[in-house]
Amino acid sequence: MKTTFTARHFDASKELHQYAEDAVQKLDQFYDRILTCDIVLQPVPDDENPQQAELNVKVPQKLINAKEQASSYEQAINMVIENVARQLKKYKSKTLNKR
């Protein structure tokens, strides 16, 4: 799986970058045919949840997208990974039922 990491409007630490990459690798256990994965982190003008994580996961014939906001980038990454994992499970069950 090819992974890209983007930090918009701020400089991400190496630890945050590594954390995001490691979290995305866990998606392989839900669906092993992921083509690409784009991680986008950015601050948003929200006082309670100022950090946003967006994940675009390309699988055959579909693009799975999720956005989550939280008080820290790590929390937002965890929430967006859970969201995409749920979508991947649904996608996998639908594609298996078509065969």
Side-chain angles (χ1 to χ4, degrees):
M1 158 175 44
K2 183 175 164 279
T3 306
T4 61
F5 179 87
T6 307
R8 289 189 185 144
H9 311 300
F10 78 103
D11 292 324
S13 66
K14 284 188 170 42
E15 292 82 14
L16 183 60
H17 187 164
Q18 192 60 48
Y19 184 85
E21 298 257 347
D22 291 345
V24 166
Q25 294 303 321
K26 294 176 188 163
L27 291 174
D28 267 343
Q29 68 192 19
F30 301 110
Y31 191 70
D32 58 356
R33 295 177 57 208
I34 297 173
L35 305 173
T36 63
C37 197
D38 302 323
I39 309 159
V40 181
L41 301 180
Q42 67 183 18
V44 289
D46 182 336
D47 292 336
E48 290 180 27
N49 296 317
Q51 274 79 31
Q52 176 176 286
E54 181 178 354
L55 200 54
N56 298 309
V57 179
K58 183 95 174 87
V59 291
Q61 297 152 8
K62 189 166 175 73
L63 176 68
I64 295 173
N65 177 280
K67 277 186 195 176
E68 293 289 345
Q69 289 176 272
S71 57
S72 74
Y73 284 113
E74 289 82 0
Q75 285 178 312
I77 290 167
N78 290 340
M79 290 163 57
V80 83
I81 292 289
E82 285 175 27
N83 189 327
V84 169
R86 189 171 53 248
Q87 291 183 59
L88 281 172
K89 288 177 193 171
K90 192 173 180 180
Y91 171 79
K92 185 176 180 180
S93 68
K94 279 186 176 180
T95 56
L96 290 176
N97 290 341
K98 286 182 183 176
R99 292 181 187 166

Query raised in the report: With distance as the sole test, does Asn97 use its side chain to make a donor-acceptor pair with the main-chain N or O of Ser93 at under 3.5 Å?
Result: yes
Query raised in the report: So does Glu48 have more than 12 non-hydrogen atoms from other groups sitting under 6.0 Å from CD?
Result: no
Please report the closest heavy-atom contact between [X] and [Y], naming both atoms and the distance.
{"X": "Ile77", "Y": "Ala23", "answer": "CG2-CB, 3.8 Å"}
{"X": "Leu16", "Y": "Phe5", "answer": "O-CE1, 4.5 Å"}
{"X": "Ala53", "Y": "Leu41", "answer": "CB-CD2, 3.5 Å"}
{"X": "Gln75", "Y": "Ala70", "answer": "CB-CB, 3.6 Å"}
{"X": "Lys26", "Y": "Gln29", "answer": "O-CG, 3.0 Å"}
{"X": "Ala66", "Y": "Val84", "answer": "CB-CG2, 3.7 Å"}

Requested in this report: List the steps and the verdict of side-chain contact (heavy atoms from CB on, under 4.5 Å) for Met1 and Val24.
Outcome: CA-CA 10 Å; Met1 158 175 44; Val24 166; 4.0 Å; yes
Query raised in the report: Val80 and Val44: same hydrophobic cluster, using ILVMFWY side-chain contacts below 4.5 Å?
Result: no
Query - Val40 with Val59, same ILVMFWY side-chain cluster at under 4.5 Å - result: no
If I take atom [atom1] from residue [X] and atom [atom2] from residue [Y], how far apart are they, to the nearest 0.5 angstrom?
{"X": "Lys67", "Y": "Met79", "atom1": "NZ", "atom2": "CE", "value": "14.0 Å"}
{"X": "His17", "Y": "Thr6", "atom1": "NE2", "atom2": "OG1", "value": "9.0 Å"}
{"X": "Gln51", "Y": "Asp46", "atom1": "CD", "atom2": "CG", "value": "10.0 Å"}
{"X": "Lys58", "Y": "Arg33", "atom1": "NZ", "atom2": "CZ", "value": "11.5 Å"}
{"X": "Gln42", "Y": "His9", "atom1": "CD", "atom2": "NE2", "value": "6.0 Å"}
{"X": "Gln25", "Y": "Ile81", "atom1": "CD", "atom2": "CD1", "value": "9.5 Å"}

Within a strict 4.5 Å, meaning less than it, do heavy atoms of the [X] and [Y] side chains meet?
{"X": "Gln87", "Y": "Val57", "result": "no"}
{"X": "Tyr73", "Y": "Pro43", "result": "yes"}
{"X": "Phe30", "Y": "Lys92", "result": "no"}

Report summary line: Between Ile64 and the options Leu55, Asn56, Leu88, the side chain to side chain contact (heavy atoms under 4.5 Å, CB included) test singles out Leu88
